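Have a look at the structure below before the remarks.
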Amino acid sequence: MANITWKMEDGSEISADVNDGLNLMEAATSNNVPNIEGECGGCLSCATCHVFVDQDWFAKTGEIDDIEDTMLDMTDVERRDNSRLSCQITASPELEGLVLYVPEP
Amino acid sequence: MAETIVIVGAGQAAASFISRHTRLGSEAELHLIGEEPVPPYQRPPLSKNYLLGELERDRLFIRPPQWYAEQGITIDFGTRVESIERDTKQIRTQNGDIIAYDKLLLCTGSTARKLPASLGGDLPGVFTLRSLADVDTMAPEFRAGRKLLILGGGYIGLEAAASARKLGLNVTLLEMAERILQRVAAPETSDFIRKLHQSNGVEIRESAGMKQLCQSDGRVSGAEMEDGEEIPADLVLVGIGASANTELAEQAGLDCDNGIPVNNICQTCDPDIYAAGDCTSFIRNGRRVRLESVQNAVDQGNLVAQVLSGTDLQYDALPWFWSDQYDCKLQIAGLSTGYTSTVVRPGATHISQSTWYYADDRLIAVDAMNDTSAYAFGRKIIAADKHPSPEEVADPNTDLKALANELISELENPDPKL
């Protein structure tokens, strides 16, 4: 389990305890985080679960593979160095306290 | 008093509408009525990791089941709507309940076509794959060593074939047309996908004329072909397409023809009735189309929420699709309908390739097999209405990212001389 926080552009935030093994797109949609759509269900075809990862945490979220890297080029809000598709981040105890910033198209 | 919006059908389009509607903070009261006994769920995994037993049921739900009530939405799952009475603006459910609406949203979806009972379509052991209940019923039958016969070489049949092979079934797939995916893809894509399945041990028969299913001891036992051959089977999956659920709309006097026709704001010919998702038909590039896709359901559902909250928008989303089979990721951008030529771009490996569709000199669609870059940048280029030459995209030395950026920056920085 890990407590994850999503921070929105309007300053609001949502925090939730996420069970190990769930991906953070699913965690976001089930906690009603706005602007995380996850249309393709996490199979790297839609780029609608884009988040910016707090710099301190970025390395802990794991490697970006080639497919994710390519899909990050088609997000609605332009990618940055700390961009991830949240369906590719899996909850684990090491992510306790992780903060994600949700871009608003 | 707040307006009441009644939503008939509780699938992806309905979920998308509701999510956007609640986010927009609209005052309107929502009433969601679905025929299936469960809240909206994702259908794409049904033929893939859900059938494989790799995805828990709870993870299919688009929103947690309790979420709808938490948002103050009235829900009736497991309830069929019997009729729409347009003159009094109310609907009648199977329980005899009468519910008044100010606006009505039809998200009735589509239904898998069945094989007629006269051909054995009703025999035990014959399945269609569309709903959670369909898969819950058939999954226990998918056991290693059994013989599965699939009728139809479209996406559902092919995805089920891949899942069945992973589970160790022996699979034969019959396609009546000349080639698999004939309705939706060019021969180059069909060839690639055929090889993929053959190399995974599926027997694919195209131009296959089946006479009827045969039975033994009251259960399907195989198929009798037109030439008299009998193909044995322990179970049969019918994947011969789906038809739009238009009965309710037709009965209410809305003219339907392969879908409920909607305008560019998803409004039917009755201004108080909207429709979204698989059940609709709409004009895209001058043609009336009907799409069975998550993208269309999500985007139309979103659009209706925005339109009903007063946003001035028109539906012009670029269609996209995906299908995962074995380790192959097939991703499609655009609609290939009406193409006049294609060009194949080799991928970085022998298992990757993309088919680019042109209508004259206009690029209209891309099928990318294990080539996300072709999909992603193809999609960007098509969305920007840009048209690189077929030679350029077919050349494996063309950097698609650079090409997309170049074409799109032209769009953003028009030549000052013009």
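Computed over heavy atoms, backbone and side chain alike; hydrogens, waters and symmetry mates excluded. Remember, it's a predicted structure, so these values are computed and weren't measured experimentally. Quick note on labels: first sequence line is chain A, next is B, and so on, each numbered from 1.
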Among the listed options [options], the residue most often paired with chain A at heavy-atom distances under 4.5 Å:
options	value
Lys380(B), Arg59(B), Gln42(B), Gln12(B)	Arg59(B)
Lys401(B), Gln295(B), Gln71(B), Glu70(B)	Lys401(B)
Arg23(B), Gln331(B), Arg379(B)	Arg23(B)

Subject >> Region of Phe377(B) that comes under 4.5 Å of a non-hydrogen atom in chain A >> reply: side chain
Original post:
Given a strict heavy-atom distance threshold of 4.5 Å, which part of Asn370(B) is in contact with chain A: side chain, backbone, both, or neither?
Top reply: neither
Original post:
Looking at Asp367(B), Leu291(B), Asn296(B), Val294(B), which hits side-chain contact (heavy atoms from CB on, under 4.5 Å) with Phe321(B)?
Top reply: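 Filter result, single survivor: Leu291(B).
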Toward chain B, the part of [X] with a non-hydrogen atom under 4.5 Å:
X	answer
Glu26(A)	side chain
Asn31(A)	neither
Asp69(A)	neither

Subject >> Ion pair Lys48(B)/Glu159(B), N-O distance below 4.0 Å >> reply: yes
Original post:
Tell me, do Leu46(B) and Asp134(B) make a side-chain contact under 4.5 Å, heavy atoms counted?
Top reply: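 Contact flag for Leu46(B)/Asp134(B) side chains = no.
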Subject >> Polar side chain donor-acceptor pair, Thr189(B) to Thr355(B), under 3.5 angstrom >> reply: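 Thr189(B) vs Thr355(B): donor-acceptor pair found between side chains.
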Original post:
Do Asp136(B) and Tyr50(B) pass the side-chain hydrogen bond (donor to acceptor under 3.5 Å, both in side chains) test, and can you show the C-alpha distance, the side-chain angles, and the key distance before you say yes or no?
Top reply: CA-CA 9 Å; Asp136(B) 285 342; Tyr50(B) 185 69; 2.6 Å; yes
Subject >> Test log, rule side-chain contact (heavy atoms from CB on, under 4.5 Å), inputs Ile18(B) and Trp67(B) >> reply: CA-CA 11 Å; Ile18(B) 294 170; Trp67(B) 180 80; 3.7 Å; yes
**OP:** Measure from the side-chain N and O atoms of Ser16(B) to the backbone N and O of Val298(B), and report whether any donor-acceptor pair falls under 3.5 Å.
**Re:** yes
Subject >> Between Pro34(A), Gly38(A), Cys40(A), the one whose heavy-atom pairs under 4.5 Å with chain B are most numerous >> reply: Cys40(A)
